[in-house]
Structure formats: structure tokens, C-alpha cells
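Along the sequence shown, residues carry numbers from 1.
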Amino acid sequence: MRFRKSRSGAPLKLKIGAVAGLLFLHLPLLLIFLYAFTTEEKSYQFPPPDYTLKWFAVVWDRQDIWDAFGLSLKIALIATGAAIVLGTLAAGAVARTRFFGRETVSLLIILPIALPGVVTGIALRSAFDIADIPFSFWTIVLGHATFCVVVVYNNAVARLRRTSPSLLEASLDLGANGFQTFRHVLLPNLATALLAGGMLAFALSFDEVIVTTFTAGQQTTLPIWMLSELVRPRQRPVTNVVAVFVVIITFLPILMAYYFTRGGEATAGQGK
């Protein structure tokens, strides 16, 4: 009896559609890289008349860019640290305990990242005004932490639900106290999930614009600086060079987070 060979490849139309979608998403990024090297200063002429590296030197010597970069870096690091602590605690409460309204609490935790950034920004600005809190570095951190917590929470709660409770029970039965169980059993199982969530939170915070606009006051983060440069263009390639660095800085944590979490389904001791 003869069997017809099954077709293992995807249909040609599906492949063409996938390639077209990827090009649509990533060609604008390639154009940013291209125009970071152009000699044309005031327009986006295609193809560029010539290529140069002088804009990288211009960016290196601009103190306003370094100030904005330093501010964005500090905000992202602090917001990420707060998100790891709060997101982990919230995930532990939701995943390991049963109480009335647990799903509602989970929904409220993830709501800030589901809402449009404009809504979150207006809500935070109104809350700061009512509480008479002046806009400063810390109001930006609080604003970023609202959505950074969600990213860490989602990673941590998913990993906790895949980790069997019998591991913790066995540790306690063998004489370990709560802290030892957390340090030697729970934390190693959560480590990659927390690291991935922290990296994603850092990337989101570093390039956030909308919420920052409502909570920054007179502070200028790097994305806000780029937005102001686009509104009042002077040297367009300078903005493109900064955008190249932002792409690299945010892409690397996302790539590392992907590699840390892609084997999460094989978590040791996972229960059904």
C-alpha cells in the first residue's frame, strides 16, 4: 500500500504573507539606522546623498543627551527594582492562596498595562494633583512602576502556577524554615522568570513616552528629548542616532528575556 507524503512546509501564500508582515514591521527600523549615517541634515532624502559618521560624534558631545539618558536609566532601574519586589509579592499572594475576589484582584493588577497610556497618565496626574505631590523624578518612577509591576507579575504568577506545591511542602517537612525554603527552593525556580520580567520592565520603562509626559513636570527623559527634537527639528540625523541607541538598549533585554523564558514549560517539579 502506498502512502502519500504529507506536506511539511507552509503554503506559499502564508510564507509570502509572513515575510510581508515582517517587512512592514521592521523596514521603518532599518530606515532609522540608514538615516543615522546620512549627510543630509534637514530632510529624509532617499537614497541618502552620502554617508558619514559625524553625527555619532555630535551625539557624544551633546550634554543634554547624556543628561536625558542618565535620567531615563536611573528611572528604569528604580522602577524595575520596585516592580520585581511588588510583582513577586503580588504573584505569591494570588498564586499560592485562595480568597474571595482573587480573580478580581488579579485583574486590577494587570489593568494598568491594558489601559491606554493616556488614560493611565491622566489618572496619575489627577492623583498627584489631589495629593498635592509636586512633579519630580519620583513621580515618573511611580508612573513607570504601575505598568512595570504587571510585567513582573505575569511572569512570576505563571511560573508559580507551574511549580508544584509539593516541593515547598517537602522542604518544610525536611526541617527547613520559611526563609530557607524561599531561598533554596522557591527562588531558584522563580529566578529566570523574575529576571526576564525585570528585563522586559526595564525596556518598557526606558522608552516610555505617554505616561512620562503626564508625570515628568520639567524633567526630560531620553524619549521626551527625542519627541521634542522631532517637533522642533534641527539636526534630524542626531535624533536618528539616539533612536539607534534606544533600539539597541531596549532590544537586548527583550532578547535575553526571550531566551530566559522559552524553556519555562519545563520547570522542575511542575504539577498538574
- Query: How close do Val209 and Pro223 get, heavy atom to heavy atom, and via which atoms?
  - Reply: CG2-CB, 3.5 Å
- Connected hydrophobic set around Leu30, excluding itself, where side chains approach under 4.5 Å: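 Via sub-4.5 Å side-chain contacts, Leu30 links to Val19, Leu23, Leu27.
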- Item | Transitive ILVMFWY cluster of Val85, excluding itself - 4.5 Å side-chain cut-off |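 Listed partners: Leu89.
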Do [X] and [Y] come close enough that some side-chain heavy atom pair is under 4.5 Å?
| X | Y | result |
| --- | --- | --- |
| Ile65 | Val238 | yes |
| Leu111 | Phe147 | no |
| Trp225 | Thr221 | no |
| Asn155 | Leu194 | no |

Please determine whether residues [X] and [Y] belong to a single hydrophobic cluster, defined as Ile, Leu, Val, Met, Phe, Trp and Tyr linked transitively by side-chain heavy-atom distances below 4.5 Å.
| X | Y | result |
| --- | --- | --- |
| Ile16 | Phe24 | no |
| Val59 | Leu34 | yes |
| Val242 | Trp55 | yes |
| Ile110 | Leu108 | no |

[X]: which residues meet the side-chain contact (heavy atoms from CB on, under 4.5 Å) condition with it, sequence neighbours left out?
| X | result |
| --- | --- |
| Ala90 | Ile109, Tyr153 |
| Thr250 | Ala203, Phe206, Asp207, Val246 |
| Val247 | Leu29, Phe33 |
| Val118 | Ile122, Ile210, Phe214 |

- Message: Per the side-chain hydrogen bond (donor to acceptor under 3.5 Å, both in side chains) rule, what does the pair list look like for residues 130-145, sequence neighbours excluded?
- Response: His144-Ser205, His144-Thr212
- Message: Give me each pair satisfying side-chain hydrogen bond (donor to acceptor under 3.5 Å, both in side chains) with a member in residues 67-86, each pair once, sequence neighbours excluded.
- Response: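 Residue pairs with at least one partner in residues 67-86: Gln63-Asp67.
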Measure the [atom1]-[atom2] distance between [X] and [Y] for me, rounded to the nearest 0.5 Å.
| X | Y | atom1 | atom2 | result |
| --- | --- | --- | --- | --- |
| Leu222 | Leu73 | CG | CG | 10.5 Å |
| Cys148 | Ile75 | SG | CD1 | 11.0 Å |
| Ile84 | Thr88 | CD1 | OG1 | 7.0 Å |
| Thr120 | Arg125 | OG1 | CZ | 14.5 Å |
| Arg62 | Phe69 | CZ | CZ | 16.0 Å |

- Query: Looking at residues at least two apart in the chain, or sitting in another chain, which of them share a ring-ring contact (aromatic ring centres under 6.0 Å, His included) with Phe56?
  - Reply: Phe37
- Message: I'd like to know whether Thr192 forms a side chain to side chain contact (heavy atoms under 4.5 Å, CB included) with Arg159, so could you lay out the CA-CA distance, the side-chain angles of the two residues, the decisive distance to 0.1 Å, and finally the verdict.
- Response: CA-CA 9 Å; Thr192 54; Arg159 183 61 59 84; 2.9 Å; yes
- Among Thr215, Leu124, Val211, which one satisfies side chain to side chain contact (heavy atoms under 4.5 Å, CB included) with Ile140? Thr215
